[in-house]
Structures are given as structure tokens and as C-alpha cells.
Amino acid sequence: MNAKIINPFLTAGLNAFQNMFAITPESKEPYILQIASGHPWEISGIIGLTGEYYGVVAFRLHKVLANKMLELSGIVWENPEEKEELASQLVSEFTNIIAGNAASAIKESNIGVSPPVVVSGRNHVISWPHNYPVIAIPFVSQYGPFEVDVCFK
């Protein structure tokens, strides 16, 4: 694991939660994700990185936390379908903010960030790049856990 790359994602995740939602999550020890073992997450915001470093970044969480983020954002909805769509859009934008801020903070590199995509559902699958480790950066908050996973060369 290269701290030069991982630390900007840690910082960006912590700062985004604090600045946008006044939530102060605590980061836990990063680890190598075993992608074949499944996962507990219900929603993943996914972006691609291009340039000097290329790969995938995913912001992964449970619906409970996504709904709390939506509530704390002050956005209003009229029905459950609209709430689910707005939560998905919020996860997408939040993923974009984390990745964009981290990419900007990585010194001496030229990194591009693709538009985010959101995948949801229990045990959904992300097609991670082959032959590179996926580094999971777990966080805990008063509203539930989340994870920022990065895989790049």
C-alpha cells in the first residue's frame, strides 16, 4: 500500500463528511479487500481514475447511512421512490467529491476522474481491475460504517 495515494483518500473522506454533514467519522486500519468473499454493502458509488494512476475508487455504504446523509443535506422528497433516487444521486456526487479531492491532493501526478456510477443491491458486484490489490479504507460514524475502496496502478 502506498501512503502517498491512500492518505489523500482518507483525508478526502473525512473532510467531505465533516464539511457536508457535520459528521466526524473515524478511520480504521486499511486492509487488502478479498473481493471473492462478498461484502455487506448495499450501495456503491464508483468512479474511474485515469492518467498517471489508473483504476477504480468505490464509496460503499448501507442504505441507512445514505438516507441519513440525504436527511442531513436538507433535501426534501415526496415519496419513497424519489427518496431512493435522491439518495443514489447524493452517493454519486459524494463519491465524485472524495475522488476529485483526493486526486487533486496527490502531488506530482496527472489524474483524471470519470463521472460516477452508482450500483445498489445486496452483494452487488464491482468489476475491479485484475492483477492489482483493492485497498479498503473503513470508517465508522454515529450513523453507521462505510468504506472507501481503491484499486489502481
Side-chain angles (χ1 to χ4, degrees), residues 1-18 20-21 23-70 80-81 83-107 109-153:
M1 288 190 270
N2 185 341
K4 172 184 167 185
I5 305 301
I6 301 304
N7 287 342
F9 285 94
L10 281 167
T11 301
L14 292 169
N15 288 344
F17 264 97
Q18 179 63 47
M20 293 177 70
F21 308 110
I23 296 174
T24 306
E26 178 185 337
S27 63
K28 298 294 184 182
E29 187 69 28
Y31 64 95
I32 303 296
L33 187 69
Q34 302 300 318
I35 58 175
S37 65
H39 62 84
W41 309 112
E42 297 170 311
I43 303 172
S44 293
I46 305 165
I47 59 107
L49 298 177
T50 60
E52 186 175 335
Y53 296 97
Y54 62 91
V56 175
V57 176
F59 167 56
R60 306 176 89 181
L61 66 161
H62 296 289
K63 284 185 178 184
V64 170
L65 180 54
N67 288 335
K68 189 61 178 180
M69 291 166 62
L70 185 62
E81 294 81 21
K83 180 181 180 182
E84 190 165 326
E85 177 63 26
L86 288 169
S88 179
Q89 290 173 1
L90 182 63
V91 168
S92 175
E93 185 55 30
F94 194 75
T95 303
N96 197 35
I97 289 168
I98 291 172
N101 287 342
S104 295
I106 296 171
K107 303 288 189 238
S109 63
N110 178 22
I111 298 176
V113 178
S114 73
V117 173
V118 174
V119 180
S120 60
R122 287 201 145 280
N123 215 23
H124 58 270
V125 176
I126 296 175
S127 295
W128 296 102
H130 296 287
N131 302 322
Y132 302 107
V134 179
I135 301 164
I137 307 164
F139 294 86
V140 293
S141 77
Q142 66 266 43
Y143 302 113
F146 64 96
E147 197 168 85
V148 176
D149 296 341
V150 295
C151 177
F152 49 84
K153 177 181 179 195

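It should be emphasised that the depicted structure is a prediction, and the values quoted were computed from it without experimental measurement.
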Does Glu26 have any salt bridge (Lys or Arg N to Asp or Glu O under 4.0 Å) partners at least two apart in sequence or in another chain, and if so, which?
Lys28
Is the ring centre of Phe139 less than 6.0 Å from the ring centre of Phe17?
no
Given 3.5 Å as the limit, does a donor-acceptor pair link the side chain of Ser92 with the main chain of Ser88, or not?
no
Here the pair of heavy atoms bringing Phe21 nearest to Phe94 is CE1-CE1, 3.6 Å
Taking the side chain as every heavy atom from C-beta outward, state whether Tyr31 and Pro138 have any atom pair closer than 4.5 Å.
yes
Passes side chain to side chain donor-acceptor pair (under 3.5 Å), Glu85 versus Gln89? Steps please.
CA-CA 6 Å; Glu85 177 63 26; Gln89 290 173 1; 3.0 Å; yes
Quick one: CG on Asn96 to CG on Asn101, what's the gap to the nearest 0.5 Å?
9.0 Å
Quick one: does Val113's side chain get under 4.5 Å of Leu49's, heavy atoms only?
yes
Nearest 0.5 angstrom please: Cys151 SG to Tyr54 OH, how far?
10.0 Å
Would you say Ile135 and Leu33 make side-chain contact, with heavy atoms under 4.5 Å?
no
Smallest separation among heavy atoms of Tyr143 and Val64, with atom names:
O-CG1, 4.2 Å
What's the separation between atom CD1 in Ile97 and atom CD1 in Ile47, rounded to the nearest 0.5 Å?
12.0 Å
CZ/Phe59 to CD/Glu147 distance, rounded to the nearest 0.5 angstrom?
11.0 Å
Of all the heavy-atom pairs spanning Leu61 and Ala66, show the shortest one and how long it is.
CD1-N, 3.5 Å
Which heavy atom of Ala58 sits nearest a heavy atom of Ile126, and at what distance?
CB-CD1, 3.9 Å
Spatial distance of atom CG (Asn67) from atom NZ (Lys83) [nearest 0.5 Å]:
4.0 Å
Salt bridge (Lys or Arg N to Asp or Glu O under 4.0 Å) pairs, two or more places apart, involving residues 54-69:
Arg60-Asp149, Lys68-Glu71
Do Tyr132 and Phe152 have their ring centres less than 6.0 Å from each other?
no
For Ile106 and Pro8, work out which heavy atoms get closest and say how close.
CG1-CG, 3.7 Å
How would you list, by chain and number, every residue that makes a side-chain hydrogen bond (donor to acceptor under 3.5 Å, both in side chains) with His124, sequence neighbours excluded?
Ser44
Would the distance check show the side chain of Thr95 and the main-chain N or O of Val91 forming a donor-acceptor pair, the cut-off being under 3.5 Å?
yes
Could you pull out the closest heavy-atom pair between Pro145 and Leu65, with the gap in Å?
O-CD2, 3.7 Å
Is there a donor-acceptor pair under 3.5 Å between the side chain of Asn123 and the backbone N or O of His39?
yes
Within the 4.5 Å heavy-atom criterion, are Phe9 and Thr11 side-chain neighbours or not?
no
Nearest 0.5 Å, what's the CG-CD distance between Leu86 and Glu81?
11.5 Å
